[in-house]
Novice: 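Below you'll find the structure I mean.
Whatever order the structure lists them in is the order used to number ligands and atoms, beginning at 1. Quick note: numbers below take in every heavy atom, side chains included, and nothing from hydrogens, waters or symmetry partners.
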Amino acid sequence: MYLVGTLEIVFNRPLTSEENIVQYIAQLIEFLNNDYLKRGARDPKEAATIKNYRIDESKIVLEIETGVKVRLDEASLRIRNVLASNLGRKYRLGIRSLLLRNPKVIIDGRTDVSIRIPIVKNIIQNENSTVIELVDLDESDIKKPLFLRFLRLLEEKEQRLKWGGKAEHWSLLKSSGIKISSPINVDPNKVLEDIGWIKRMSIGQWLYTPPLTHLLNALKKLFIDEVLKPLGFEEAIFPKMYPLEVGIKTGHLKGVINSMIFASLPKSFNISEFEDLIDYIYVMDEVSPEDLQKYLKPPSYFLCFAQCEPFYWFFENEILDDESLPIKWYDHSGPSYRWESGGIHGIERVIEFHRIEVVWLGKPEQVIEIRNELLNKYEYFMDKVLDLEWRMAWVTPWYYEQTGITQKVEMDIDRPGTIDFEAWLPYRGPRDDNKNWLEIGNISIHGTKFTESFRIKHNRGEILWTGCSGFGSERWLIALLAQKGLNPENWPKKFFEYVSASPFPRSIRTVTYPKTNEGKELLNKIISAFRW
Ligand code: ATP
Ligand code: ZN
Ligand code: MG
């Protein structure tokens, strides 16, 4: 990406009448080109260059070309400052105005960017490049974060293109090695549905009857007791529906808007205003979503997506001191919602899922230490407590990568990034094929991503970081059942202890449920092992 534009600097008097001014300006331009405009970029191509200039009465008109490190806006301001201070001192000249004419951004390849952005004038798609023509910008526009944000948007688009649609870079950190000698090739999702412990309400959404709820709760409690409580995490209850501004600050509205689910409020609280609709429903016994939409306001919330959003929101604009740090909480008070489009399978990839979200906030070294403690405990939990066949990988989402280093991703787990935990699902196929592994949880450290956007501060100006970790309850349970089966005798000791600590709930059996005779028979067989 490179940028070009014509900078016009208007002075309060004609320049041409001053003595030796032409040579003096030539010197200043030379200083700018050789030194000042090159500062802050290792590669001169990433810095700025004045390609041409002319003096025209009281104006200096400069043709500028810049890279991405010292960009057009920054270069314009540097040129302005050098000319203002030097010509001011020597000739008592003052700058009256600044105008950046015909600024253009030239990008390799084709990039689509919305023409709805106020500073975009026109977009020209060439064979191998895209030229984005911007409107003329005055000094206040140049200083605005709008221009900066626009350039950042373009850089991000270019970056995304380089990653070639790959969401993340994956590299193995550690694994349990082969643990399962005779795999069970049964999909637990299918069994659970056949025996009626779960019933699908709508796409990606299930009702868990008491037996399955019992298993999910036992597993969550085991995780809380074995991992979270010993590390000093405390439970909080987070909201599950968030105002749109929160999604702007977390970045989710920019990053994953295609998988978010939104909520709308009714247009009126006065039920008489719904009379037409109610009458229709009364007689026709149906409602069309299009019709309903007319009675609703545009969406003003999104449903819980990452589950840690309220944590950052809570500390927005707060000033923390050493005594209050680090903060270590977890929430499992309600579901998360994601539109997964076609990828739905059983209860392991659903639209409405349940998760224990673990969050922490502190100074960088605290955040890294907490992550490391969690990492150890997670490994102990997967390996010793649940005896799973597992692996963990360092995954770097593309947006954590700085410009230019996308090709050679260094692995430094103390940098912001994510560690994924995965379990092998034997029913899907052989362990050497990645698609047969399921991400069950992860741990991230975000650096200042959220403390910056939510302006979370330390009283002595120290840097604050955040971290979060998601324990997807359904996924851990499916992984466990896929590897260990549905016979409690084969379950890891601790899990069995938690499941058998209270009487096992009754399975639902009616005239018509479970749906098939095979399901009913299978249920009888399975629950005969659930007596204690
Ligand atoms: P995947 O790549 O499998 O879609 P993800 O990267 O989208 O996972 P995260 O955004 O990291 O997942 O969410 C954290 C945790 O939440 C996951 O490790 C998983 O346990 C759980 N999770 C995420 N999406 C779903 C879903 N659709 N159904 C059930 N659990 C989910
Ligand atoms: Zn999170
Ligand atoms: Mg996903």
Novice: Quick test of your reading of the structure: of E348, R349, E340, whose heavy atom lies closest to atom 4 (O) of ligand 1?
Specialist: R349
Novice: Mark the output for E474 as yes if a heavy-atom distance to ligand 1 is under 4.0 Å, and as no if none is.
Specialist: no
Novice: With sequence neighbours excluded, give me every ring-ring contact (aromatic ring centres under 6.0 Å, His included) pair touching residues 244-264.
Specialist: H252-F305
Novice: Taking side chain as C-beta onward, heavy atoms only, is V385 less than 4.5 Å from V227?
Specialist: no
Novice: Would E155 and R71 pass as an ion pair if we require N to O under 4.0 Å?
Specialist: yes
Novice: Do the ring centers of F381 and W476 come within less than 6.0 Å of each other?
Specialist: yes
Novice: State the atoms of ligand 1, each with its element, that fall below the 4.0 Å cut-off from a heavy-atom position in G472.
Specialist: 20 (O)
Novice: What protein N/O/S atoms sit under 2.8 Å from the Zn ion (ligand 2), by chain and number?
Specialist: C308 SG, E357 OE2, C468 SG
Novice: Identify, with sequence neighbours excluded, every residue that meets side-chain contact (heavy atoms from CB on, under 4.5 Å) alongside L231.
Specialist: F233, E373, L374, K377
Novice: Show me which atoms of ligand 1 lie under 4.0 Å from any heavy atom of G441.
Specialist: 18 (O)
Novice: Give a yes or no answer on whether the side chain of E389 reaches the backbone of I180 with a donor-acceptor pair at less than 3.5 Å.
Specialist: yes
Novice: Going by the atom numbers of ligand 1, which of them fall below 4.0 Å from some non-hydrogen atom of R355?
Specialist: 13 (O), 14 (C), 15 (C), 16 (O)
Novice: Closest by any non-hydrogen atom to atom 20 (O) of ligand 1: pick that one out of I440, V350, V256, I443.
Specialist: I440
Novice: What pairs meet the side-chain hydrogen bond (donor to acceptor under 3.5 Å, both in side chains) rule with one or both residues in residues 191-203, with sequence neighbours excluded?
Specialist: K190-D194, W197-S507, S202-Q205
Novice: So, for F302 and W339, is the gap between ring centers shorter than 6.0 Å?
Specialist: no
Novice: Pick whichever of F305, W437, F353, W339 has a heavy atom sitting closest to atom 21 (C) of ligand 1.
Specialist: F353
Novice: Parallel, tilted or perpendicular: which fits the ring planes of F530 and W491, with parallel below 30° and perpendicular above 60°?
Specialist: perpendicular
Novice: Hey, looking at atom 25 (C) of ligand 1, which of R338, R475, E352 has the closest heavy atom?
Specialist: R475
Novice: Would you mind reporting whether F150 and V113 have side-chain heavy atoms less than 4.5 Å apart?
Specialist: yes
